[in-house]
Amino acid sequence: MTASTDITPVPERDRVPRYEPTEIEPHWQQRWDELGLYRTDLSDTSRPRYYLLTMYPYPSGDLHIGHWYICTPTDAIARFRRMNGDNVFFPIGFDAFGLPAENAAIKSGIHPAVWTMRNVENMRRQFRTMGATFDWDSEVVTCLPDYYRWNQWIFLRFLENDLAYRRMSAVDWCPKDQVVLAREQVEGADRVCWRCGTPVVKRDLEHWSFRITKYADELLDFTGIDWPEPIRQMQTNWIGRSEGAEVVFTTAPSDHHAGGEELRVFTTRPDTLFGATFMVLAPEHPLVASLTAPERRAEVEAYIEAARRRTEIERLSTSREKSGVSLGADAINPVNGERIPIWIADYVLSGYGTGAIMAVPAHDERDFEFAKVFGLPIVRVIAPEGAADDGIVAEAFVAHTPGERLVNSGPYSGMPADEGFRAIVTDLEARGQGTATVTYRLRDWLVSRQRPWGTPIPIIYCEADPSCGIVPVPDDQLPVLLPDDFRYSPEGGNPLEQTESFVRTTCPRCGGPGRRETDTMDTFVDSSWYWWRYLAPDKLDGPIDRALDDAWCPVDQYTGGAEHAVMHLLYSRFFAKALADLDIVTEREPFQRLFNQGQILGADGERMSKSRGNVQDPDELVSRYGADSVRLFLMFMGPWDQGGPWSPTGIEGVHRFLRRVWAVVLDPTGSESDGSTVDVADGERQVRVAAHRALQGVTEDHAGFRWNTIVAKLMELTNTLMRFRGTPVAGTSGWDEATDLLLLMLAPEAPHIAEELWARRLEAAGEPWRSIHTQAWPAFDPALVVAETIELPVQINGKLRDLVPMAPGLPQDEIEQLVMARPKVQANLEGMSVVKVVHVGGRLVNIVVRPAS
RNA sequence: GCGGGAGUGGUGGAACGGCAGACACGCCAGCCUUAGGAGCUGGUGCCGCGAGGCGUGGGGGUUCGAGUCCCCCCUCCCGCACCA
């Protein structure tokens with residue numbers, strides 16, 4: 001009371017609170033949640049629908065920065081679409097079956113279900129800190145029976161419609177642990193089991209498969225969907241359609257072999273049939289054993305054994321020297337009756353085509369190399385126009401050229417290659433020795449997994465009556481539940497096999513004893529239809545609500561990692577087509593528009609994984625800088641489809657930016673000005689122009705998800721506002737307009753700070769609160785974005801020489817007059833004669849000159 | 001190896017075939033502050049005192065003009081069918 005004069009009055013502007021993201025962010029997250037701002041009314045048809053889907057995560061335990069990189073820009077899309085008037089549905093869930101839970105179970109004895117659900121709990125909590133607008137009411141968790149029973153239901157429908165079937169397939173097998181190994185569980189160049197170091201072998205097992213190849217041609221057709229070209233190309237190459245012919249060779253009789261067996265080969269070049277100088281079978285080909293001459297048996301068997309240890313990637317490598325073994329038997333070429341030797345080689349795969357090829361070394365690079373290594377004959381049968389046929393073939397002639405003709409091809413010699421192709425196939429067909437055929441590289445989808453943590457395949461093997469055989473579990477007995485008591489035994493194998501309570505059952509057909517199928521489904525089955533389940537996660541009488549499917553699908557926008565370019569995205573397309581044929585859904589393509597963002601790698605440039613110890617924990621960044629800064633930083637890093645190594649350098653920059661936004665909005669009169677006087681009207685115009693130009697750019701950038709340039713434009717606008725902060729411009733309505741636009745533009749990307757500042761401005765203006773996230777996206781004023789004067793770049797011979805200020809839109813002759821009058825231009829034209837002057841739409845002038853003679 | 005993508009300052013990156021380096025990080029200088037891992041102002045591709053020259057992984061080409069289009073090569077990333 002007495003010493004009041006000693007107290008320095010606190011200046012007005014010091015009362016502006018600091019930007020404390022950790023205080024405002026949880027507040028708004030809670031508020032949005034309470035208001036149900038992002039719970040989507042799926043029955044609302046008054047607004048255009050926008051189904052925004054992002055690839056659901058595996059519940060590994062903790063969210064890492066990669067999840068933020070996928071989810072937070074996607075959330076910005078959701079918020080932007082809402083501001084543009086759409087009814088946005090943006091769900092999330094968990095891809096909850098998979099290997100890591102099994103590994104944890106083996107290591108610590110925790111049941112995979114317990115481990116998984118604990119992780120789900122934790123990740124739900126972490127997801128909330130993103131400030132993302134997920135509709136949690138629609139969540140699905142695929143390891144829960146409510147979800148996986150419908151995998152089983154769909155499997156049974158596939159089975160009924162011949163889309164699911166059993167076949168033999170080779171898998172990587174650890175002989176010691178008695179388990180099938182995933183590719184990532186096979187380590188090193190010597191291919192040993194990750195757990196025990198035992199060399200891995202290939203083993204043939206009976207497997208369930210889905211008949212995706214039935215849809216191969218339809219999957220090649222991307223009409224009507226808006227997908228990135230590289231992804232379409234990768235899928236197209238993966239499907240690998242090739243047109244050609246299946247040609248029937250016959251085995252020739254020999255001492256050890258009676259002959260007369262059919263040997264079918266697939267070739268894309270039946271026109272080269274006369275150039276086939278040997279034949280190559282895959283080492284796994286069923287006729288190998290009977291064709292092998294006794295004296296060659298030891299060598300052949302050793303080669304087969306070696307091939308079975310190789311990966312497909314190795315076998316197809318073109319950099320490896322070709323290897324192979326002759327069987328000591330011949331085949332007869334159906335076009336000319338010639339005998340050619342039969343070899344086996346690992347570059348021929350049993351799963352592609354017929355597992356056998358006719359080798360035409362003159363016209364196939366691999367066959368050419370093989371022939372060189374083993375000294376086999378090379379006969380040219382296609383000659384480019386005008387080529388001298390000297391009989392020497394220096395390299396395989398593969399490319400098609402106009403005017404190429406068949407040579408050395410009996411009656412077909414002289415024909416153009418494409419005509420020869422057709423003639424040979426027609427003649428073979430007439431004699432029953434060949435047919436025109438289309439082959440695909442795509443193989444049917446092997447869905448069986450010999451693992452305990454997946455959807456049980458709903459099949460029972462009857463042990464009482466052989467006529468029952470393989471019996472599907474009736475729908476009313478679904479779900480086939482996973483046992484909650486299985487144990488990993490030290491002997492290995494699939495624990496389900498050892499769980500009597502699971503395996504022992506009764507045959508649904510005869511009531512006798514039966515064994516359950518212990519294979520579970522590939523987790524890609526779960527992820528091939530989950531977006532439909534989001535629409536009705538609690539539906540009890542079927543997997544998919546048809547009315548909601550019709551109202552909301554296909555998904556308008558799908559976002560997720562490019563590492564899923566082929567498999568997940570192809571399987572999902574297959575499901576849409578198969579389910580449409582079964583009349584379960586309507587649309588045949590699941591995702592209208594696709595965007596694949598890049599991957600965030602560890603600081604070491606390697607894929608982030610716990611085992612590498614290069615995982616970036618976002619929680620730490622959030623507690624230090626706030627979610628908005630982390631979101632903005634991830635968006636600012638670079639193009640979204642690029643990804644890159646993680647480096648926190650630079651997060652300070654976006655954080656500083658948000659602090660400047662805070663200061664500019666809450667404290668526009670703060671005295672950071674340099675004191676020079678400004679023209680208020682001009683300044684007001686400048687901030688309005690800056691705001692509307694930013695708005696134009698930001699709106700455009702949103703269409704292409706160019707977050708980095710959006711953030712840069714908002715920074716530029718803020719920098720402009722900073723220049724006028726503390727000047728009378730800050731009190732004008734133009735300033736207010738610019739700050740409002742800044743906040744509205746910032747709202748999708750940095751939702752908390754935008755909401756907080758918006759609320760404070762409303763409060764200061766005495767208006768009732770309304771969320772910035774329900775405001776309409778503003779429209780820019782076209783009159784403000786056109787330039788009043790321009791500086792026209794002038795080039796001489798393509799090199800920049802001058803910038804000429806002028807009004808925009810002048811006619812070419814006036815521009816030329818102004819340009820030619822410039823001293824710099826004159827100086828550069830000294831001793832030159834002008835060849836021509838190129839005008840580029842009033843944006844640039846290039847004067848082409850050469851030395852005057 | 002095959003298929004797809006990417007290489008731009010010290011760093012992340014920007015740039016309808018038309019002013020290379022926007023916007024940031026970092027660094028340098030100055031200001032402000034009792035203080036700063038705070039804030040503000042200015043500078044910053046390389047060579048050169050300068051005029052100017054050189055510059056987008058390397059080499060060729062198309063074009064009045066190329067980071068951008070075409071061909072060859074190098075490096076890195078993603079996928080290759082049981083990781084998800």
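So you know, we letter chains A, B, ... as the sequences are listed, proteins then strands, and number each from 1.
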Go ahead and write out RNA chain B as dot-bracket, 5' to 3': ( ) for pairs within the strand, [ ] for ones crossing earlier pairs, | when the partner sits on another strand, dots for unpaired; Watson-Crick or G-U wobble, both distances under 3.5 Å.
(((((((..(((.....[....)))((((((.......))))))(((....)))..(((((..]....))))))))))))....
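Residue-level contact check: A:Glu716 touches the backbone only, with heavy atoms under 4.0 Å from sugar-phosphate atoms and none from bases.
Taking 90° from 0 as the syn/anti boundary, the base of B:G9 is oriented syn.
Nearer to the 5' terminus of RNA chain B, by closest-nucleotide assignment, is the contact made by A:Gly638 (compared with the other of A:Thr649 and A:Gly638). Mapping A:Arg624 and A:Ile651 onto RNA chain B via the closest heavy atom, the residue that lands nearer the 5' end is A:Ile651.
One can place CD1 of A:Ile231 at 12 Å from P of B:G4, the figure rounded to the nearest angstrom. Here B:A24 presents its P atom at 9 Å from CZ of A:Phe657, a figure rounded to the nearest Å.
Checking the phosphate oxygens (OP1, OP2) of B:G65, no side-chain nitrogen or oxygen of A:Arg801 falls inside 4.0 Å. Phosphate contact (OP1/OP2 of B:G4, side-chain N/O of A:Gln233, threshold under 4.0 Å): present. Considering only side-chain N and O atoms, A:Asn719 lies nowhere under 4.0 angstrom from the phosphate OP1 or OP2 of B:C23. Taking side-chain N and O atoms only, A:Lys836 has no distance below 4.0 Å to OP1 or OP2 of B:U63.
Closest contact between the side chain of A:Leu844 and the listed nucleotides B:G4, B:G18, B:G12 involves B:G18. Which of B:A38, B:C25, B:A20 sits closest to the side chain of A:Arg656 comes down to B:C25.
B:G42 sits 25 Å from B:C47 when the P atoms are compared, rounded to a whole Å.
Residue A:Glu830 places its CD atom among 12 or fewer non-hydrogen atoms of other residues, nucleotides or ligands, all under 6.0 Å distant. Applying the 6.0 Å contact sphere to CD of A:Glu206 captures more than 12 heavy atoms from other residues, nucleotides or ligands.
Cation-pi contact between A:Arg573 and A:Phe222: present, with separation from the ring centre below 6.0 Å and deviation from the ring axis of at most 45°.
Judged purely by distance below 3.5 Å, without hydrogens or angles, the side chains of A:Trp208 and A:Glu517 pair a donor atom with an acceptor atom.
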Going 5' to 3' through nucleotides 79-84 of chain B, assign each nucleotide B (protein heavy atom under 4.0 Å from a base atom), S (under 4.0 Å only from sugar-phosphate atoms) or - (no protein heavy atom that close).
SBBBBB
